Peer 1: 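Take this structure first; my questions come after.
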Amino acid sequence: MDKNNVRLLAVNVLARVGGRGGYSNLTVDSTIRQAHLSARDAALLTNIVYGVIQHQLTLDYYLAPFVGRRELEPWVRQLLRTAIYQMHYLDKIPERAIFFDSTEIAKQKGHAGLAKFVTAILRNVQRKGLRDVSAIQDPVKRLSIATSVPEWIVNKLFDQWGELEATALLNSINSAPRASARVNRTMIQRDNLVFRLQDEFPEVRNSVLATSGVVAPGGHLAGTPEFADGLLTMQDESSQLVAPSLDIQPGDQVLDACAAPGGKTTHIAEWLDPQAGGHVTALDLHAHKVNLIQQNADRMHLADRVTAQTLDARKAVETFGEQKFDKVLVDAPCSGLGLMRRKPEIKYDKTADDVANLTRVQSEILDAVAPTVKVGGRLTYSTCTITHEENQDVVAAFLQRHPDFRQVTVPTLAPVTHNHAAPALQILPHDYGSDGFFIASLERVQ
């Protein structure tokens with residue numbers, strides 16, 4: 001079998017993501033590049049990988065009666081998941097192609113006996129069909145299996161957002177994520193970039209949510225010459241609302257406290273004028289991530305406005321002193337549950353304990369950077385999650401501890417019609433088909 005066979009690559013990607021905690025989007029992108037896949041094969045690989053991860057609990061529910069109690073090696077389970085996913089969700093792929101490739105993969109990665117086992121499972125599925133998820137009586141378990149989201153998350157969303165909102169949210173996250181990018185306004189106007197991209201991406205269009213955003217139903221925007229030249233960078237529409245929330249002025253001194261890989265840093269930099277003294281200092285704990293920030297700034301021709309350094313944000317005061325910055329961004333480490341469409345492996349990796357532990361870290365970072373904000377300056381707190389504990393509750397507790405700050409309405413460059421947390425901004429994944437995101441704006445008054 002060709003080492004660049006799409007179904008073999010899909011199984012290998014899934015084995016890496018599932019076994020080593022790698023992000024699916026990064027692994028898929030690197031696989032596409034290394035295998036030099038055509039646009040058609042790249043699309044199929046992406047579809048299979050994301051589809052299997054997104055529907056993992058559902059696929060395991062379908063497979064359970066056929067596998068029984070047999071212990072499967074992780075890659076064998078991934079192989080069977082890919083086959084069932086294609087048979088059930090991709091109606092344009094002939095089953096003979098799925099059967100042939102799945103058998104050959106089992107033979108190549110395992111042995112002839114394993115290949116016979118895989119073929120037997122698939123033939124049995126073909127004959128008997130898959131059991132009906134709607135037959136599950138318990139509503140939480142039924143929605144968990146139907147949307148492939150662990151029950152603890154379903155329960156939490158029911159409690160915090162209500163059954164109707166939570167159901168709409170969960171039913172939305174298994175649709176394919178759009179390709180979303182941000183225009184570098186210092187180099188090109190958005191309409192001009194869309195025009196340049198339309199030959200390769202005919203359905204690319206302006207975002208209705210983010211004034212610098214462009215979106216397409218799919219495609220590898222990071223593989224374009226425009227990306228290489230720094231005319232655009234990959235960033236979700238919701239995430240693009242964070243930098244404008246700081247109300248940046250050309251001469252501002254800005255701290256991006258948790259900055260890697262630099263998407264929001266470079267967005268902040270676009271509003272700054274080096275001639276007026278404007279500058280953004282971007283921090284991360286890890287040196288290799290600081291390098292990513294610098295590389296992004298270099299690629300987007302914004303390096304003269306950015307200083308990236310390795311530092312724990314909790315040491316900001318002792319490093320920079322008090323009232324040093326006009327604007328401070330804390331895009332905090334979080335559970336990432338707002339990213340379940342774009343990074344679906346997150347929903348399987350996180351636990352309720354993770355959420356509780358993260359709130360402590362989030363509060364520590366906010367407390368540590370607050371003194372660095374000038375009086376009259378602004379502190380923005382943002383996360384890519386949808387849990388109250390990490391969002392509204394963190395902000396409320398911070399304001400209790402820091403009466404020298406007050407919460408103000410989050411400014412946006414375009415009207416945001418869906419908001420669940422005013423004066424903060426909470427976007428849920430089904431509102432715009434974007435990532436779920438939370439943003440709060442805090443002003444230092446004394």
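Since we're looking at a predicted model, the values are computed, not measured.
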Peer 1: If we check side-chain hydrogen bond (donor to acceptor under 3.5 Å, both in side chains) with Glu237, which of these qualifies: Ser434, Ser180, Ser212, Ser207?
Peer 2: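 Among Ser434, Ser180, Ser212, Ser207, the one meeting side-chain hydrogen bond (donor to acceptor under 3.5 Å, both in side chains) with Glu237 is Ser207.
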Peer 1: At what distance, to the nearest 0.5 angstrom, does CE of Met340 lie from OG1 of Thr147?
Peer 2: 8.0 Å
Peer 1: Measuring from Arg314:CZ to Ile365:CD1, what's the distance to the nearest 0.5 Å?
Peer 2: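 Rounded to the nearest 0.5 Å, the CZ-CD1 separation comes to 5.5 Å.
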Peer 1: Going by an N to O cut-off under 4.0 Å, is there a salt bridge joining Arg342 and Asp236?
Peer 2: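 Answer for the salt bridge query: yes.
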Peer 1: Is there a side-chain hydrogen bond (donor to acceptor under 3.5 Å, both in side chains) between Tyr348 and Ser148 once you walk through the steps?
Peer 2: CA-CA 9 Å; Tyr348 312 118; Ser148 194; 2.8 Å; yes
Peer 1: Give the minimum heavy-atom separation between Ser335 and Ile346, together with the two atoms involved.
Peer 2: O-CG2, 3.4 Å
Peer 1: Are side-chain heavy atoms of Glu390 and Phe438 found at a separation under 4.5 Å?
Peer 2: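 They are not in side-chain contact.
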Peer 1: Between the main-chain N or O of Asp326 and the side-chain N or O of Asp252, is there a donor-acceptor pair closer than 3.5 Å?
Peer 2: no
Peer 1: Please check if the side chain of Arg378 supplies one atom and the backbone of Lys327 the other of a donor-acceptor pair under 3.5 Å.
Peer 2: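 No, Arg378 side chain to Lys327 backbone: no donor-acceptor pair under 3.5 Å.
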Peer 1: Any heavy-atom pair between the side chains of Val214 and Phe201 that's under 4.5 Å?
Peer 2: no
Peer 1: I want to check something: taking the side chain as every heavy atom from C-beta on, are His430 and Asn171 in contact at a cut-off of under 4.5 Å?
Peer 2: no
Peer 1: What is the ring orientation for His418 with Tyr432, classed by angle as parallel under 30°, tilted 30 to 60°, or perpendicular over 60°?
Peer 2: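 Rings of His418 and Tyr432: perpendicular, as their planes differ by over 60°.
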Peer 1: Return the minimal non-hydrogen interatomic distance between Pro411 and Pro244, and the atom names on each side.
Peer 2: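 In this case the closest contact between Pro411 and Pro244 is CG-O, 3.9 Å.
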Peer 1: Please say whether more than 12 non-hydrogen atoms of neighbouring residues, nucleotides or ligands are located less than 6.0 Å from CD in Glu203.
Peer 2: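 Open: at most 12 neighbouring heavy atoms sit under 6.0 Å from CD of Glu203.
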Peer 1: Does any non-hydrogen side-chain atom of Leu90 lie less than 4.5 Å from one of Tyr85?
Peer 2: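 Heavy-atom side-chain distance check passes, below 4.5 Å.
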Peer 1: Working to the nearest 0.5 Å, report the span between NE2 of His267 and CG of Leu302.
Peer 2: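 Going from NE2 on His267 over to CG on Leu302, the span is 10.5 Å.
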Peer 1: If we ignore hydrogens and angles and just use 3.5 Å, is the side chain of Gln137 paired with the main-chain N or O of Ala135 as donor and acceptor?
Peer 2: yes
Peer 1: Determine whether a donor-acceptor pair (N or O, by modelled atom type, separation under 3.5 Å) exists between the side chain of Gln249 and the backbone of Asp247.
Peer 2: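 Flag set: sc Gln249 to bb Asp247 pair under 3.5 Å.
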Peer 1: Using a 3.5 Å distance criterion without hydrogens, assess whether the side chain of Trp161 forms a donor-acceptor pair with backbone atoms of Ile386.
Peer 2: yes
Peer 1: Do Asp132 and Ser134 have side-chain N/O donor and acceptor atoms under 3.5 Å apart?
Peer 2: yes
Peer 1: Applying the salt bridge (charged side-chain N to carboxylate O under 4.0 Å, His left out) criterion to Glu226, which one of Arg299, Arg182, Arg196 satisfies it?
Peer 2: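 Of all the options given, the one that passes is Arg196.
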Peer 1: Could you tell me whether the side chains of Thr266 and Asn296 share a donor-acceptor contact shorter than 3.5 Å?
Peer 2: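 Absent: no donor and acceptor within the cut-off.
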Peer 1: Going by atom types only, do Ser239 and Lys264 share a side-chain donor-acceptor pair under 3.5 Å?
Peer 2: yes
Peer 1: Could you check whether any side-chain N or O of Gln78 sits under 3.5 Å from a backbone N or O of Ala15, counting only pairs where one atom can act as donor and the other as acceptor?
Peer 2: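 No, Gln78 side chain to Ala15 backbone: no donor-acceptor pair under 3.5 Å.
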Peer 1: Any side-chain heavy atom of Arg305 within less than 4.5 Å of one from Thr186?
Peer 2: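 When only atoms from C-beta onward are counted, Thr186 and Arg305 do touch, with a gap below 4.5 Å.
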Peer 1: Check the pair Val149 / Leu143 against side-chain contact (heavy atoms from CB on, under 4.5 Å), numbers first and verdict last.
Peer 2: CA-CA 8 Å; Val149 174; Leu143 189 59; over 6 Å; no
Peer 1: Taking the side chain as everything from C-beta on, heavy atoms only, tell me whether Thr224 gets closer than 4.5 Å to Leu231.
Peer 2: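 No, every pair of side-chain atoms sits at 4.5 Å or beyond.
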Peer 1: Please report the closest heavy-atom contact between Ile48 and Ala10, naming both atoms and the distance.
Peer 2: CG2-CB, 3.7 Å
Peer 1: Please lay out, stage by stage, how Arg7 and Thr82 fare under the test side-chain contact (heavy atoms from CB on, under 4.5 Å).
Peer 2: CA-CA 8 Å; Arg7 292 182 178 88; Thr82 63; 5.9 Å; no
Peer 1: Determine whether a donor-acceptor pair (N or O, by modelled atom type, separation under 3.5 Å) exists between the side chain of Thr351 and the backbone of Asp354.
Peer 2: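 Checked: pair present.
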Peer 1: Phe99 and Val118: side-chain contact (heavy atoms from CB on, under 4.5 Å), yes or no, with the steps?
Peer 2: CA-CA 9 Å; Phe99 281 38; Val118 167; over 6 Å; no
Peer 1: If you compare all heavy atoms of Gly263 against all heavy atoms of Gln235, which two are closest, and at what distance to 0.1 Å?
Peer 2: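 Looking at all heavy atoms of both residues, the closest pair is O-OE1, 3.9 Å.
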Peer 1: Say you draw a straight line from OG of Ser38 to CG of Leu45; how long is it, rounded to the nearest 0.5 Å?
Peer 2: 10.5 Å
Peer 1: Are the side chain of Ser245 and the backbone of Val410 linked by a donor-acceptor contact shorter than 3.5 Å?
Peer 2: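 Checked: no pair found.
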Peer 1: What distance separates Leu272 CG from Gln253 CD, expressed to the nearest 0.5 Å?
Peer 2: 8.5 Å
Peer 1: Salt bridge between Arg77 and Asp60, side-chain N to carboxylate O under 4.0 Å?
Peer 2: yes
Peer 1: Looking at Tyr50, is Arg341 sitting on its ring face, NZ or CZ under 6.0 Å from the six-membered ring centre and within 45 degrees of the normal?
Peer 2: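 Not satisfied by the 6.0 Å and 45° rule.
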Peer 1: For residues Ser102 and Leu79, report the shortest heavy-atom separation together with the two atoms involved.
Peer 2: O-CD2, 3.6 Å
Peer 1: Do the side chains of Gln362 and Phe398 get nearer than 4.5 Å, heavy atoms only?
Peer 2: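 In short, these two side chains do not touch, never coming nearer than 4.5 Å.
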Peer 1: Kindly indicate, with the supporting measurements, whether the criterion side-chain hydrogen bond (donor to acceptor under 3.5 Å, both in side chains) is fulfilled by His301 and Asp229.
Peer 2: CA-CA 9 Å; His301 311 280; Asp229 292 341; over 6 Å; no
Peer 1: May I ask you to decide if Arg360's main-chain N or O and Ser363's side chain share a donor-acceptor pair within less than 3.5 Å?
Peer 2: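 No; judged by distance alone, with no hydrogens or angles, the pair does not exist.
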Peer 1: Between Leu209 and Ala414, which heavy-atom pair has the shortest distance, and what is it?
Peer 2: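 Smallest interatomic distance, heavy atoms only, reads O-CB, 4.3 Å.
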Peer 1: I'd like to know if the side chain of His388 reaches the main chain of Gln160, judged simply by a donor and an acceptor atom lying under 3.5 Å from each other, with no hydrogens or angles considered.
Peer 2: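 Indeed, once roles are kept as given, a pair shorter than 3.5 Å links the two residues.
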Peer 1: Determine, step by step, whether Arg205 and Val215 satisfy the side-chain contact (heavy atoms from CB on, under 4.5 Å) criterion, reporting the C-alpha distance in whole Å, the side-chain angles of both residues, the deciding distance to 0.1 Å, and the verdict.
Peer 2: CA-CA 6 Å; Arg205 59 173 176 79; Val215 293; 3.4 Å; yes
Peer 1: Does the side chain of Thr310 reach to within under 4.5 Å of the side chain of Asp284, using non-hydrogen atoms?
Peer 2: no
Peer 1: Would you give the length of the straight line joining atom CH2 of Trp75 to atom CZ of Arg81, rounded to the nearest 0.5 angstrom?
Peer 2: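 The CH2 atom of Trp75 sits 14.0 Å away from the CZ atom of Arg81.
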Peer 1: So which of Asn391, Asp431, Asn419 actually passes side-chain hydrogen bond (donor to acceptor under 3.5 Å, both in side chains) with Gln426?
Peer 2: Asn391
